[in-house]
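Notes follow once the structure below has been shown.
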Amino acid sequence: MCIALAAFIFAPMIGVSSTLLALLCGIALSFAMTNASSFIAGIGFSSSTILRIGIALLGLSVSFADFSALGWTGLCVIGFAIAGVIGLGFYCAPHLKLPRAFGALTGGAVAICGASAAMAIGSILPDYKDKDRDISLTVIIITALSTLGMILYPMTAHVLGLNVEQTAFFLGGTIHDIAQSAGAGYSVSDEVGALSVLTKMVRVAYIVPVLFALMIVFQTCAAQGGENFRYFKLPLFLVVFFALMLINSAINVPDVITAYAGALSKAALLVAMVAIGIKTDFKALIGVGWTRVIFIVAQALLLVIIMLAYVTY
C-alpha cells in the first residue's frame, strides 16, 4: 500500500502514469519479496481480492445515459471495434505460437480501457505459464501506446480535418487510458474533451459483456479440450460493477460519493498493480521477445483503422 501511495504521489512529478510507476516499483521489488513467505499471502490478496474491489467500484463511473448520449451508431461501432480487436487476438495468437488467453488479454486491454481491462480480464482467464508476466508486459506496452496516442492522435485529427464530434469519437475510441484520453481531448478544446471522455466511458462499460463472453468462451474451450469443466459462475465483482452502474443510472448519485468511489477504485488498482509487479519474473519479462510486443501494436493499429474508417467515411 505504501508503494502504491508513493507511485500516486511521485508519478505526476516525473510525468508518467501512476499505474505504470506502481507496476515498475513492484517489478523492482520482485527480487527481494517474491520468496519472502511473510509477504506471499498479502501479495496474493492484493493481486486478486483488492483488484476485484477496484474493478467493481468502476461501476459508479458509468451509466446507461452514456450509451444513449452516444447514439446507436456509435455504440455499434465501438462494439464492433472491441469484438474485432479481441477476435484478432483470440484467433491469431495460436498462429504466432502465443496462448489464446494472451490474445484475449491484449485485445481487451487495447480495445476497452488499458491497464484496468488487462487486470480485469487477467483475473478471469484460465491460468497458464507466465500469465503474470504477460499482464505486466501488456500494461507497459499499452501505457506507452496510450501516451504516444495522446500526442499523435490529436495531430492526426487536425491533419485529416475532423470536426468536433469526429475528433472526440476518434480520441475517445482509440486512446487506452481514461486520463490520457481526457488529456488528448481537452488539449483540442473543452467540447472535444467532454465528448471524448463520454466515448471512453462507453468503452469502459463494455467490460461487463466482454468479461461475461470470455468466461463462457474459455470454459467452453476447456470442456471441448477434455479439461475439467466447471459450470459457469458469474464473479461477484462483476455483479457489483453492474449493480453500481444500475444505481448510477437510476438515481443522481452525489458527486462526492462518485469521487470517493473513483479515488478508492484507483487506489485499489494501484495496490493490485504493485502486487502483480512483485509476482512478475523480471528476467522472463526482459526475454519476452518482439513477437508479443508487435502483436499488441498490431491490435492497437486495428483499433485506430476501424475508428478512422468510421469518422472519415
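Keep in mind that the numbers below use all heavy atoms, side chains included, and drop hydrogens, waters and symmetry copies. Small disclaimer: the values here were computed from a predicted structure and weren't measured.
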- Message: Applying a strict under-4.5 Å side-chain criterion to I, L, V, M, F, W and Y, I'd like to know whether Leu152 and Val159 cluster together.
- Response: no
- Message: Minimum heavy-atom separation for Val188 and Pro154, please, with both atom names.
- Response: CG2-CB, 4.0 Å
- Treat each ILVMFWY residue as a node, draw an edge where side-chain heavy atoms are under 4.5 Å apart, and state whether Tyr260 and Leu244 are in one component. yes
- Query: Are any non-hydrogen side-chain atoms of Ile296 and Leu145 less than 4.5 angstrom apart?
  - Reply: yes
- Query: Where is the tightest heavy-atom contact between Ser63 and Asn248, given as atom of each residue plus distance?
  - Reply: CB-ND2, 3.8 Å
- Note on the structure: Rounding to 0.5 Å, atoms CD1 (Ile53) and CG (Leu58) come to a distance of 12.5 Å
- Task: Decide side chain to side chain contact (heavy atoms under 4.5 Å, CB included) for Tyr310 and Phe80; before the verdict, give the C-alpha distance in whole Å, the side-chain angles of both, and the deciding distance to 0.1 Å.
- Result: CA-CA 11 Å; Tyr310 170 67; Phe80 173 79; over 6 Å; no
- Message: Strictly distance-based, threshold 3.5 Å: is any side-chain N or O of Tyr186 a donor or acceptor partner for the main-chain N or O of Glu191?
- Response: no
- For the student: nearest non-hydrogen atoms of Phe170 and Ala157, plus distance: CD2-CB, 4.4 Å
- Measure the shortest side-chain to side-chain distance between Arg133 and Arg292 over non-hydrogen atoms and say whether it is less than 4.5 angstrom. yes
- Message: Applying a strict under-4.5 Å side-chain criterion to I, L, V, M, F, W and Y, I'd like to know whether Ile175 and Leu160 cluster together.
- Response: yes
- Thr156 side, atom OG1; Ile151 side, atom CD1 - distance, nearest 0.5 Å: 11.5 Å
- Query: Going only through I, L, V, M, F, W and Y residues with side-chain contacts under 4.5 Å, is there a path from Leu246 to Ile207?
  - Reply: yes
- Message: Could you see if Val192 belongs to whatever hydrophobic cluster contains Val304? Use Ile, Leu, Val, Met, Phe, Trp, Tyr and a side-chain cutoff under 4.5 Å.
- Response: yes
- Starting from the C-alpha separation in whole Å, work towards a yes-or-no answer on side chain to side chain contact (heavy atoms under 4.5 Å, CB included) for Met150 and Leu171. CA-CA 8 Å; Met150 184 174 64; Leu171 298 179; over 6 Å; no
- Message: Within the supplied structure, the quantity of interest is the number of heavy atoms (other residues, nucleotides, ligands) at a distance under 6.0 Å from Tyr128 OH; does it exceed 12?
- Response: yes
- Item | Gln219 side-chain N/O to Ile216 backbone N/O, donor-acceptor pair under 3.5 Å | no
- Query: Is there side-chain contact between Arg100 and Tyr91, with at least one heavy-atom pair below 4.5 Å?
  - Reply: yes
- Item | Where Ala81 and Leu303 come nearest, the two heavy atoms and their spacing | CB-CD1, 3.8 Å
- Item | Smallest separation among heavy atoms of Ser123 and Ala120, with atom names | OG-O, 2.5 Å
- Spacing of Ser181 atom OG and Leu198 atom CG [to the nearest 0.5 Å]: 10.5 Å
- Side chain to side chain, His176 and Arg203, heavy atoms closer than 4.5 Å: yes
- Can you name the nearest heavy-atom pair linking Gln299 to Leu88, along with the distance? CG-CD2, 3.9 Å
- Message: Determine whether a donor-acceptor pair (N or O, by modelled atom type, separation under 3.5 Å) exists between the side chain of Ser265 and the backbone of Gly262.
- Response: no
- Decide if the gap between the ring center of Phe90 and the ring center of Phe218 is smaller than 6.0 angstrom. yes
- Between Lys200 and Cys113, is any pair of side-chain heavy atoms under 4.5 Å apart? yes
- Find out whether Leu70 and Phe169 are in side-chain contact, i.e. whether some heavy atom of one side chain is under 4.5 Å from a heavy atom of the other. yes
- Message: Would you say that more than 12 heavy atoms from the other residues, nucleotides or ligands in this model lie under 6.0 Å from the CG of Asp255, or not?
- Response: no
- Message: When you compare the side chain of Ser116 with that of Leu269, does any pair of heavy atoms fall below 4.5 Å?
- Response: yes
- Message: Under the criterion side chain to side chain contact (heavy atoms under 4.5 Å, CB included), I'd like the reasoning laid out for Thr167 against Tyr153: C-alpha separation, chi angles, the key distance, then a yes or no.
- Response: CA-CA 9 Å; Thr167 300; Tyr153 294 174; over 6 Å; no
- Would you indicate whether the side-chain heavy atoms of Phe295 and Leu98 approach each other to under 4.5 Å? yes
- Distance col, row Asp132:CG vs Leu137:CG, nearest 0.5 angstrom, shows 12.5 Å
- Item | Rounded distance (nearest 0.5 Å) linking atom CZ of Phe102 with atom CG of Leu125 | 11.5 Å
- Message: To the nearest 0.5 Å, what is the distance between CG on Leu57 and OG1 on Thr258?
- Response: 12.0 Å
